[in-house]
Protein chains: 2
Amino acid sequence: MGRQREFDVEQALDAALCVFWRKGYEGTSYTDLTQATGVERPGLYSAFGNKEALFRQALERYYSHYLDYFPTALEQPTSREVVEQIFRGAAELHTRHPDRPGCLGIHGALAGSDDAEPIRQALIDARARGEAMLRDRLERAKEEGDLPDSANSAALAAYVMAVLHGMAVQAKAGCSRDVLEAVVDQALSTWPSNPSGRETQKTGAIKPLPLLY
Amino acid sequence: MGRQREFDVEQALDAALCVFWRKGYEGTSYTDLTQATGVERPGLYSAFGNKEALFRQALERYYSHYLDYFPTALEQPTSREVVEQIFRGAAELHTRHPDRPGCLGIHGALAGSDDAEPIRQALIDARARGEAMLRDRLERAKEEGDLPDSANSAALAAYVMAVLHGMAVQAKAGCSRDVLEAVVDQALSTWPSNPSGRETQKTGAIKPLPLLY
DNA sequence: GAAATTTAGTATCGACCGGTATGGAAAAGA
DNA sequence: TCTTTTCCATACCGGTCGATACTAAATTTC
């Protein structure tokens with residue numbers, strides 16, 4: 001009962017997400033949000049709660065609608081393919097939208113005033129969850145013989161995340177996709193190969209790449 | 001002539017630098033700055049100019065007083081040592097001060113309001129200068145036979161910078177130095193080796209590292 | 001010692017921040 | 001049709017933002 005909403009909530013959330021993506025949490029004002037969404041301030045509050053709640057919902061949408069390639073990549077048969085798909089997906093996503101390059105999960109709230117501490121922690125936690133998923137996947141690769149027993153899953157996962165974060169920073173600085181892909185090539189060039197020697201897929205991309213091209 | 005300053009300008013600049021390091025450009029208010037420096041607002045304005053000018057001077061000091069290991073590392077005899085020293089120096093710096101982890105050059109202004117665009121660009125330019133210095137050094141390494149002719153100096157430099165940026169993000173998220181060092185180990189494991197086979201230093205660290213430890 | 005100059009500190013500026021009260025318009029149930 | 005409920009939009013709240021007049025104190029020059 002009562003009057004019905006005149007704006008589409010999902011559409012408004014996506015518009016808000018794009019602003020956060022570009023300006024970060026604290027850099028985004030309600031003036032920005034109302035302009036981007038076409039919804040007046042009280043409308044945003046009634047639909048999403050306060051700014052922090054709105055950002056959290058935007059972040060959730062970001063993971064489900066933009067970072068969806070990540071869980072998909074984890075299903076690849078070999079750790080090499082998992083990591084490569086994650087890297088390639090990031091290079092593509094971070095340069096897909098020229099108006100909002102980089103990654104909301106990184107520069108949504110990296111440094112800022114003390115007020116933004118909860119959001120900063122939320123982003124840290126979200127990234128940590130992704131790293132944990134990757135670590136578990138690499139651990140499984142060890143059990144399957146896809147990675148040598150000597151491999152350190154936690155360190156490898158941290159390394160992959162570091163490269164991803166660095167790519168986000170570079171994308172935000174205006175780097176082209178080509179440069180990001182070159183970074184990926186180098187990052188992948190020494191991925192530990194299958195110790196048992198048995199190939200698990202047709203491309204056989206296990207052998208080390210030649211030195212950058 | 002006239003009254004003399006009661007505070008030490010360098011000391012105040014360093015205090016301001018530390019606040020910017022922790023909270024970023026826009027996250028830092030003049031209330032923060034006056035508390036950290038012990039200097040009232042008009043004092044900061046008369047000594048440094050406005051907030052943007054103060055940040056730029058803080059950034060300059062950051063490069064000369066904290067990132068000084070970078071130009072030093074470029075003087076190492078081999079590219080491998082150059083890059084390793086840069087990596088190790090970053091891992092150390094980013095965790096040296098627990099109250100301000102990470103790198104001012106990265107999260108001083110990554111995303112934010114449009115007002116901060118000049119500062120954002122200044123940080124991008126500063127990082128680009130560092131990347132250019134590294135690229136030139138790697139180019140020299142190719143001329144010296146330290147790197148193979150097939151090596152892509154620009155791509156290698158971009159890769160190194162990406163790892164550095166990623167380490168800064170992780171340090172800001174609370175990563176320990178040990179984790180950063182593990183990331184460095186993995187990042188170094190892909191470094192191209194000397195094609196001519198002649199060693200240029202005693203350690204002979206050219207051969208690829210074993211898989212993570 | 002008096003004038004000139006530069007500092008320090010208080011108090012304040014207009015603009016914008018995140019967040020709301022309010023009142024009228026629109027749509028549902030009776 | 002009338003009541004109730006919900007939404008939209010203007011206008012506004014106290015607080016904080018970066019930036020400055022202004023006054024008084026301190027130091028140099030004349």
Side-chain angles (χ1 to χ4, degrees), chain A residues 1-13 15-17 19-20 22-59 108-109 111-122, chain B residues 1-13 15-17 19-20 22-59 108-109 111-122:
Chain A
M1 50 186 161
R3 183 174 172 175
Q4 65 193 8
R5 270 215 179 84
E6 293 185 0
F7 65 92
D8 184 277
V9 177
E10 284 231 354
Q11 194 173 326
L13 181 57
L17 157 60
V19 185
F20 283 132
R22 188 153 51 88
K23 301 191 168 192
Y25 175 65
E26 287 193 309
T28 300
S29 70
Y30 265 98
T31 303
D32 299 323
L33 292 171
T34 55
Q35 284 180 356
T37 60
V39 178
E40 292 301 327
R41 221 169 293 208
L44 293 176
Y45 274 91
S46 75
F48 304 107
N50 66 5
K51 189 184 176 185
E52 181 175 328
L54 172 55
F55 183 88
R56 297 188 116 100
Q57 291 167 72
L59 183 64
S113 79
D114 295 336
D115 296 341
E117 182 56 33
I119 293 297
R120 216 149 40 231
Q121 198 57 51
Chain B
M1 49 185 156
R3 180 174 174 177
Q4 64 193 10
R5 273 221 173 80
E6 293 185 0
F7 65 93
D8 184 279
V9 177
E10 284 230 356
Q11 194 173 327
L13 181 57
L17 156 60
V19 186
F20 282 132
R22 188 153 51 90
K23 300 190 168 192
Y25 175 65
E26 287 194 310
T28 300
S29 70
Y30 266 97
T31 304
D32 299 324
L33 291 170
T34 55
Q35 284 181 357
T37 61
V39 179
E40 291 301 327
R41 221 167 295 206
L44 294 175
Y45 274 92
S46 75
F48 305 106
N50 65 8
K51 188 184 175 184
E52 181 176 328
L54 172 55
F55 183 87
R56 296 187 116 101
Q57 291 167 72
L59 183 63
S113 80
D114 295 336
D115 296 341
E117 182 55 34
I119 292 298
R120 215 148 42 229
Q121 197 59 50

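First the proteins, then the strands, lettered A, B, ... as listed; each starts at 1.
- Per the geometry, CG belonging to D115(A) stands 14 Å off C1' belonging to dG19(C), to the nearest Å.
- Side-chain atoms of Q57(B) never come within 3.5 Å of backbone atoms of L13(B) as a donor-acceptor pair (strictly under, hydrogens ignored).
- Counting any heavy atom pair closer than 4.0 Å across all strands shown, S46(B) reaches no nucleic acid atom.
- E52(A) and P118(A) get closest at one heavy-atom pair: OE2-CB, 3.8 Å.
- Counting to the nearest Å, the C1' atom of dT7(C) and the CZ atom of F7(B) are 9 Å from each other.
- Using a 4.0 Å heavy-atom cutoff across all strands shown, T28(A) reaches sugar-phosphate atoms only and no base atom.
- When the P atom of dA8(C) is taken as reference, atom OH of Y30(B) falls 15 Å away, rounded to whole Å.
- No hydrogens or angles were tested; on distance alone, nothing pairs the side chain of R3(A) with the base of dA28(C) as donor and acceptor under 3.5 Å.
- Taking 4.0 Å as the cutoff to heavy atoms of chain A, we find the contact window on DNA chain D bounded by dT5(D) to dT10(D).
- Test L59(B), L54(B), I119(B) against F20(B) for side-chain contact (heavy atoms from CB on, under 4.5 Å) and you get one pass: L54(B).
- Using a 4.0 Å heavy-atom cutoff across all strands shown, Y45(B) reaches at least one base atom of the nucleic acid.
- Side-chain atoms of E26(B) come within 3.5 Å of backbone atoms of S113(B) as a donor-acceptor pair (strictly under, hydrogens ignored).
- T28(B) approaches K51(B) most closely through the heavy-atom pair O-NZ, 2.7 Å.
- Comparing R41(B) and E6(B) against DNA chain D, the residue whose closest nucleotide sits nearer the 5' end is R41(B).
- Contact annotation: N50(A) reaches the phosphate of dG19(C) (side-chain N/O to OP1 or OP2, under 4.0 Å).
- The minimum heavy-atom distance linking V19(A) with A36(A) is given by the pair CG2-CB, 3.3 Å.
- Within the 4.0 Å cut-off from OP1 or OP2 of dA26(C), not a single side-chain nitrogen or oxygen of Q4(A) is found.
- Within the 4.5 Å cutoff, side-chain heavy atoms of R41(A) are placed close to those of T31(A).
- In this structure, E26(B) atom CD and dC16(C) atom C1' are separated by 13 Å, rounded to whole Å.
- As rounded to whole Å, 14 Å separates atom C1' of dT5(C) from atom CZ of R5(B).
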